[in-house]
Amino acid sequence: MSCKSDININPHFKKNVQELVQTHRFDAPVYVTRPHIPTLETYAKALSPAWERQWLTNDGILHTELELALAARFDVPSLRLFCNGTVALLTALLALDLEDGEVITTPFTFAATVNTLYWRRLRPVFCDIDPYSCNLDPAGIEAKITSKTRAILPVHVYGRPCDVESIQAIADRHGLPVLYDAAHAFDVEYKGRSLLHYGTLSMLSFHATKLFNTAEGGALASPNAQLHDPLKKLKNFGIEGEDTIIAPGINGKMSELHAALGLTQLENVGEEIEGRRRIAIYYNERLAAVSGLALPKFDSDTIKSNYAYYPLRVDGEAYGMNRNLLQLHLQEFNVHARRYFHPLCSTSSWCLVEPGRLPIAEKAAQEMLCLPLYGTLSLESAAVICDIIMQLGAIAHKTL
Ligand SMILES: *Cc1c(COP(=O)(O)O)cnc(C)c1O
């Protein structure tokens, strides 16, 4: 028995899967996530202050209200809203004056993390990841630091905290800023407070696919207020006062329409997390018995999880088929799991790293599959998804 490439042409396998499809296929597609959305009435009500004032963007009152609410929620002295996470990250690079050098980062992330470096002529220097957390492994960082290194850019992948203490110790030894991509880390706590207390700046994304969303949106948070005023100017073209331009800033502002959506979402994000938690725990209970699947761990003594993702790791030999085939077969059931993150950022043509140089990340990119997880996913649907995954493994073992 092995994970075969001829899985699609084995007639017994095919017949068994087709029978299962007859009984277990979802009528409507089940996507990996679904955005939390308020009712139109609720949203219209939240928008009315902007309509009354006829004020759509540039420091509107809804924008200010959301900025302050999020800073209070995470108990950070500085939080600035942005039009999206990518522009927030780009603005952070500008604010820290990072340009023309190297940035140590992880290949196991969404393209945006590494793409922003390109816009500042910064070269990504990839370090391998920790095999469990899938975050940048601090053990590899120091060997990559050179005179050209300008910063460290780790990612809290799936909302799992990076080894923030070790990373900070390395950064302090070498006088480097740490910029966290915290796109997945909304509401995650480490040692009793928001993860956004670590590093020089952290970027949040409020894209529709994220746990907390404003359709498009993002933020930069910081444990000190040093960059609070500069960031406000940099996201508004670098304008100070009426007509002084102090830096080559960008248009990174969040509109009142997005801020209004954010304010309504804030009221329900706790409920959304609770809904995801129920499903994630259910998946963990049901899938624990399936050989070849490594399941995510959530809350611990030091970590309060946000249940943003359900990353499942598939050992093809032990499960009966590899991750790619599992993803393909799940599609036959109208279940659309996603390969976060594949391919690795280090394989993009503008930062190509030879295969084999980042073995742990390469393996993770082959094995990780995120299952559908969102607050309105029913336990009944989760049960069917678990049945399908268990049965597919059993069929593969029996027929291949
Ligand atoms: C979503 C995401 C981003 C980009 O955020 P946008 O708000 O979509 O620009 C960056 N990094 C990671 C890890 C992400 O998941």
Side-chain angles (χ1 to χ4, degrees), residues 31-36 66 70 79-94 103 105-120 122 124 126-127 129-130 133-136 151-162 178-188 195-196 198-199 201-221 231 235 250-255 257-259 261-262 265 276 306-311 337-346 348 351 361 364-365 368-370 373-374:
Y31 295 114
V32 71
T33 191
R34 178 184 275 188
H36 188 283
L66 182 60
L70 290 172
L79 186 139
R80 287 299 188 194
L81 292 173
F82 280 83
C83 55
N84 62 56
T86 306
V87 168
L89 196 54
L90 188 57
T91 308
L93 297 173
L94 184 67
V103 171
T105 191
T106 170
F108 194 73
T109 182
F110 181 60
T113 317
V114 176
N115 287 1
T116 54
L117 300 176
Y118 183 87
W119 289 72
R120 298 283 299 164
L122 291 158
F126 294 105
C127 265
I129 59 173
D130 173 86
S133 71
C134 292
N135 288 328
L136 189 61
I152 305 172
L153 173 52
V155 182
H156 301 298
V157 178
Y158 312 128
R160 290 168 173 165
C162 290
V178 182
L179 192 52
Y180 280 107
D181 180 334
H184 302 173
F186 189 94
D187 262 13
V188 173
L195 197 50
L196 306 175
Y198 294 86
L201 284 170
S202 293
M203 174 274 269
L204 290 161
S205 167
F206 308 145
H207 183 254
T209 54
K210 304 300 201 277
L211 172 65
F212 169 84
N213 88 85
T214 59
E216 293 275 4
L220 288 176
L231 286 173
K235 72 170 181 172
I250 199 165
N251 183 356
K253 296 182 272 54
M254 178 185 277
S255 81
L257 283 73
H258 296 84
L261 187 54
Q265 306 283 37
R276 291 180 188 219
N306 67 358
Y307 298 88
Y309 297 90
Y310 190 88
R338 292 292 300 273
R339 300 182 293 182
Y340 296 144
F341 290 98
H342 174 94
L344 293 178
C345 287
S346 48
S348 301
C351 47
M368 283 298 201
L369 188 66
C370 284
L373 185 66
Y374 45 88

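Here the structure is a predicted model, which is why all the values come from computation and not from measurement. Atoms within each ligand, like the ligands themselves, are counted from 1 in listed order.
Annotation for Cys370 and Tyr158: closest pair SG-CE2, 3.8 Å, computed over non-hydrogen atoms. The two residues Tyr340 and Met368 have their closest heavy-atom pair at O-CB, 3.7 Å. Across all their heavy atoms, Pro311 and Arg160 have their closest contact at CG-NH2, 3.7 Å.
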Met254/Thr214 under side-chain contact (heavy atoms from CB on, under 4.5 Å): CA gap, chis, key distance, verdict: CA-CA 9 Å; Met254 178 185 277; Thr214 59; 3.6 Å; yes

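Distance from atom 1 (C) of ligand 1 to its nearest protein heavy atom, with residue and atom name: Lys210 NZ, 1.7 Å. In terms of protein heavy-atom proximity, atom 5 (O) of ligand 1 is nearest to Ser205 OG, 3.2 Å. Of the protein's non-hydrogen atoms, Asp181 OD2, 2.7 Å is the one closest to atom 11 (N) of ligand 1.
Residue Arg339 places its CZ atom among more than 12 non-hydrogen atoms of other residues, nucleotides or ligands, all under 6.0 Å distant.
Each of Thr106, Thr113, Thr105, Thr116 was compared with Asp181 under the side chain to side chain donor-acceptor pair (under 3.5 Å) criterion, and only Thr113 meets it.
Heavy-atom distances between Ala88 and ligand 1 stay at or above 4.0 Å for every pair.
With ligand atoms numbered from 1 in the order given, ligand 1 contributes 11 (N) to contacts under 4.0 Å with heavy atoms of Thr113. Which parts of ligand 1 touch Ala112 is read off a 4.0 Å heavy-atom cut-off, strictly below it: atoms 4 (C), 10 (C). Remark: ligand 1 atoms within the under-4.0 Å shell around heavy atoms of Gly217 are 7 (O).
Residues satisfying the side-chain hydrogen bond (donor to acceptor under 3.5 Å, both in side chains) test with His258, not counting sequence neighbours, are Ser255.
Of the N or O atoms in Gly85, one or more lie within a sub-3.5 Å distance of an N or O in ligand 1. The distance criterion of under 3.5 Å between nitrogen or oxygen atoms is met by Thr86 with respect to ligand 1. Inclusion of Thr109 in the set of residues having an N or O under 3.5 Å from an N or O of ligand 1 is not warranted.
Around atom 3 (C) of ligand 1, the closest heavy atom drawn from Phe110, Phe82, Phe206, Tyr158 belongs to Phe110. Closest heavy-atom approach to atom 15 (O) of ligand 1 among the candidates Met203, Glu216, His184: His184.
The closest side-chain donor-acceptor pair between His207 and Ser205, if any, does not fall under 3.5 angstrom.
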